[in-house]
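Remarks on the structure that follows.
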Amino acid sequence: MKNFKRTFAFIFFMLAGIVLGAFIAYICAGKSYVGWLAWGKSVGIENISINLYVIKFSFGLMINATISQIFTIAAALIVFSKTCKGL
């Protein structure tokens with residue numbers, strides 16, 4: 001149970017960092033003085049389709065990372081290491 005708590009806390013902090021970073025990037029996208037926080041790149045597979053006449057499969061995976069997400073993920077890792085020592 002101890003390992004489950006630590007894993008759950010880690011996933012929570014990572015998701016919180018990703019969502020907070022995406023929100024900050026969205027807010028800063030139009031501003032001239034903090035617009036660099038919204039800069040990012042997309043990596044992945046756009047769309048692959050396999051048509052077997054009876055069944056058609058489509059698969060795609062894109063990951064978009066911005067500067068603000070990198071900062072908030074790093075901050076989430078620091079907060080996780082400081083707060084979850086006892087777990």
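Atom CD1 of I24 and atom OG1 of T66 lie 9.0 Å apart (nearest 0.5 Å). Note that CG of N64 and CD1 of I18 are 11.5 Å apart. Values are rounded to the nearest 0.5 Å. A distance of 4.0 Å separates CZ in R6 from CZ in F80, rounded to the nearest 0.5 Å. To the nearest 0.5 Å, atom CH2 of residue W36 and atom SG of residue C28 are 8.5 Å apart.
Both L77 and V79 belong to a common hydrophobic cluster when Ile, Leu, Val, Met, Phe, Trp and Tyr are linked at side-chain heavy-atom distances under 4.5 angstrom. The hydrophobic clustering, which links ILVMFWY residues whose side-chain heavy atoms are closer than 4.5 Å, places Y33 and F71 together. Hydrophobic clustering (side-chain heavy atoms under 4.5 Å, transitive across Ile, Leu, Val, Met, Phe, Trp, Tyr) groups L20 together with V34.
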Determine all donor-acceptor pairs shorter than 3.5 Å in which one atom belongs to a side chain in residues 38-59; sequence neighbours excluded.
unit_1	atom_1	unit_2	atom_2	d
S49	OG	S58	OG	3.4
N51	OD1	Y53	N	3.0

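Scanning all heavy atoms of the two residues, the minimum distance from F13 to T83 falls at CZ-OG1, 3.7 Å. For the pair G21 and Q69, the tightest heavy-atom approach, listed with the atom from each and the gap, is C-CG, 3.5 Å. Listed here is the closest heavy atom pair of T72 and G17: OG1-O, 2.6 Å.
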